[in-house]
There are 4 protein chains.
Amino acid sequence: MTDSAGRATARGRIDKRQAILSAAFDVFARRGYAPANVAEVAEVAGVAKPTVYNHLGDKENLFRRAMEAAADTVMERNLRDVERLRTLEGDLRAGLGDVAYRMVQTCCGEPSRALRRLVHAEVGQFPELVELVQARTAGRLAEALADRLARLSLEGRLRAADPAVAAEQFLSLLTGPAEARSRLGTRKLPAAELRAIAEAATDTFVRAYAA
Amino acid sequence: MTDSAGRATARGRIDKRQAILSAAFDVFARRGYAPANVAEVAEVAGVAKPTVYNHLGDKENLFRRAMEAAADTVMERNLRDVERLRTLEGDLRAGLGDVAYRMVQTCCGEPSRALRRLVHAEVGQFPELVELVQARTAGRLAEALADRLARLSLEGRLRAADPAVAAEQFLSLLTGPAEARSRLGTRKLPAAELRAIAEAATDTFVRAYAA
Amino acid sequence: MTDSAGRATARGRIDKRQAILSAAFDVFARRGYAPANVAEVAEVAGVAKPTVYNHLGDKENLFRRAMEAAADTVMERNLRDVERLRTLEGDLRAGLGDVAYRMVQTCCGEPSRALRRLVHAEVGQFPELVELVQARTAGRLAEALADRLARLSLEGRLRAADPAVAAEQFLSLLTGPAEARSRLGTRKLPAAELRAIAEAATDTFVRAYAA
Amino acid sequence: MTDSAGRATARGRIDKRQAILSAAFDVFARRGYAPANVAEVAEVAGVAKPTVYNHLGDKENLFRRAMEAAADTVMERNLRDVERLRTLEGDLRAGLGDVAYRMVQTCCGEPSRALRRLVHAEVGQFPELVELVQARTAGRLAEALADRLARLSLEGRLRAADPAVAAEQFLSLLTGPAEARSRLGTRKLPAAELRAIAEAATDTFVRAYAA
DNA sequence: AATGAATGAGACTTCATTCAT
DNA sequence: TATGAATGAAGTCTCATTCAT
């Protein structure tokens, strides 16, 4: 991390910043914003407390940046799922069902849940996080999905309808029941139940939107 | 201790407890669990700090009881909406649409949103709240809705399907988009948008479930 | 405790006061002055908190009166031991040894220890308690012992010496080692060790004071 | 962190810790454990309240460490007195009397009294302090004294006897009367009375133990 | 006379944040 | 730049004591 003269390299600085942000999200996700303390973040990151302040200012900023970074990470994974939509060549039902299953899985994963939990929790103190995070996660997903659904409409495989609304509803049919059944992540959903949710959502969606 | 004096005292005690619980929910909803402080709860309730402790023990218990009480309040209002389902005599579409509109309204109201926000926020520290609150609010609503949908199936107005799943989906189609559009309550939804959400949800639901 | 008209009798009042004082000493002895709380005293006494205040004013006064009462109780038992000194008719060694044994036993008993502990503990806050309590316990004992030793001097069985000093020393030879060995009451002394202490004290005393 | 800066820092830390411990003993001795408050300790030590917590954890640990440190200090002074026993070359009576006088002086000094008072006071809450403190003060003194008395026995200047018991008794003859006369430190003993006590103790001891 | 309820004051402890090295 | 140490501010909770019945 240091060059021959002992000065920190740019790379080293960045690594340390990443380590801090990652540690911060870890701690915030476990404890929540207020109960989390900077000391623990520093400890998990393997640096001293003032170093956290040097890199990221105060706790609020640390939180914002950590959420941002986490949202980016989650988004990357989400987008990989959306890529699958490209392969909707064969049977519509089967294809959508497969994508749906992947999406519930992702949305029920710890990173997504933690992100969602924290955004909900701190919406009062950090209202801008809703935009910041949702835009990169659920919003981005809905957008990509809408794009694809529009395509399917044009291809005559779905009836004409506002693709944004359709996408929103499809996602709601997935995440709503998943959150309810998992009791907000308290109960781990068995794969079968997850698949059932995906199936039911797809079924309802196709019935309502098939051409 | 007896009769008029006794009843007055007991009533006074209960009133004070209610005042504290109401104040507590108010403060917790505004600040979140950790940042809320008992002093403010006491102030809002118009009592001295130790009185809060006398009545409700410690901060954790105060929180739990306040959430419970708030959930009861919200539930009562929710159930009034569900009553409307009885009047689904005429046009199915119109009837469901009307009920849907009322339900999004209720779910987007401050009490509901605050409750949901707090449950999400503190699910890590108070996992039992999910059951406690959801059972009285969303769960109760879904149940009542399921009952009614089952009836409609028997009457041949909806196709045969698991009414629990149908209810869950109907609610998801309402609350999912509402949460997304209102940015978790950050943005106040105009009545027109709320109605549009209700309409879209009803439309999709009827298409998927009509007999 | 109440007469036919329901008024508390004088006897009832006194009983209640005694109950409170006894409970108070019990609690103070267990917890110490500051950590003891009036609520527990009231509970042990089986009365309500304000009743304690009605009868005994504030916590300080409650403590003083409780100590006084406990000192009286301990004194009574001590004096019974001193009575034994009258029977010092036969062998001096044996007689003194017997009395010594009884005295260490008494001094190591819980009431005596608690009293001593509390006086030591609160000598800073309640300096007058030293006089008040010591006068009735150790002081009274020393005095009685001195009287008896003076008699033995006159009878020519002990050499001439200040009987007050002699008594003081005899008691010190008993209680000093007992306190040290029992680690201030932390360790329960077996009867054999108690007897050994009494024997050693008597032996030294007789060697030093025999005529 | 290295060399001069390092040593200075470490030394500074230690100094601060010592200052806190010393201040703590001061405050505890004046007020007792429970009434003492950490704020005053911090003030007396000239540091901020959290610094006390940084260095010593909580109040209980602060108390224990302060007692330990104070016991060490007292012990050092006690042992200097015991050293005097080496010079028991001339007249036994005179030599012992001299040592006795020094010992009562030490035992009646504020540090000793405060230590004793606190141990007595808190034996209920901190039972391990008895061992911890007594071992370093009275116990250590008794041991050293016993060693010396054993030597005197071997030299034929004292009769054969258990030196531990003899030492214990000698100390009891000194401290018992001193505590009684000073009313547990409430009354300041004039030098003459202190000397009289030392003389009387020595006299009795020599009569009982001289060869 | 006795009690359920209420409160003012204060204690311990934690934590975000800043110095000084 | 990174850190060990220090601190101001704040929060939970307890308790002696007093009202009102």
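Lettering of chains follows the sequences in order, A, B, ..., and the numbering in each one begins at 1.
One finds no side-chain N or O of C:His55 lying less than 4.0 angstrom from the OP1 or OP2 phosphate oxygen of E:dA1. Within the structure, every side-chain polar atom (N or O) of D:Lys49 is placed at least 4.0 Å from both OP1 and OP2 of F:dG8.
Relative to the ring axis of B:Tyr33, B:Lys59 places its NZ or CZ within 45° and under 6.0 Å from the centre.
Looking at the side chain of C:Tyr53, the nearest of the listed nucleotides F:dT17, F:dC13, F:dT3 is F:dT17. Here the side chain of A:Asn37 is nearest to one of E:dC15, F:dC19, E:dT7, namely E:dC15. Each of F:dT7, E:dT17, F:dG4 was ranked by its minimum atom distance to the side chain of A:Lys59; first place goes to E:dT17. Picking from E:dA6, F:dT3, E:dT3 the nucleotide with the shortest atom distance to the side chain of B:Asn54 gives E:dA6. When distances are taken from the side chain of A:Thr51 to each of F:dA16, F:dA2, E:dC12, the shortest belongs to F:dA2. You'll find that the side chain of B:Asp58 is closest to F:dC13, out of E:dA9, F:dC13, F:dG8.
Judged by closest nucleotide on DNA chain E, B:Gly46 is the one of D:Ala39 and B:Gly46 placed further toward the 5' end.
Atom CZ in D:Arg17 sits roughly 12 Å away from atom P in F:dA6 (whole-Å rounding).
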Problem set entry | Dot-bracket pairing map - DNA chain F, Watson-Crick plus G-U, both contacts under 3.5 Å, | cross-strand | .||||||||||||||||||||

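Within the 4.0 angstrom heavy-atom criterion, no nucleotide atom of any strand lies near D:Ala42. As judged by a 4.0 angstrom heavy-atom cut-off over every strand, B:Ala34 is placed among residues making no nucleic acid contact.
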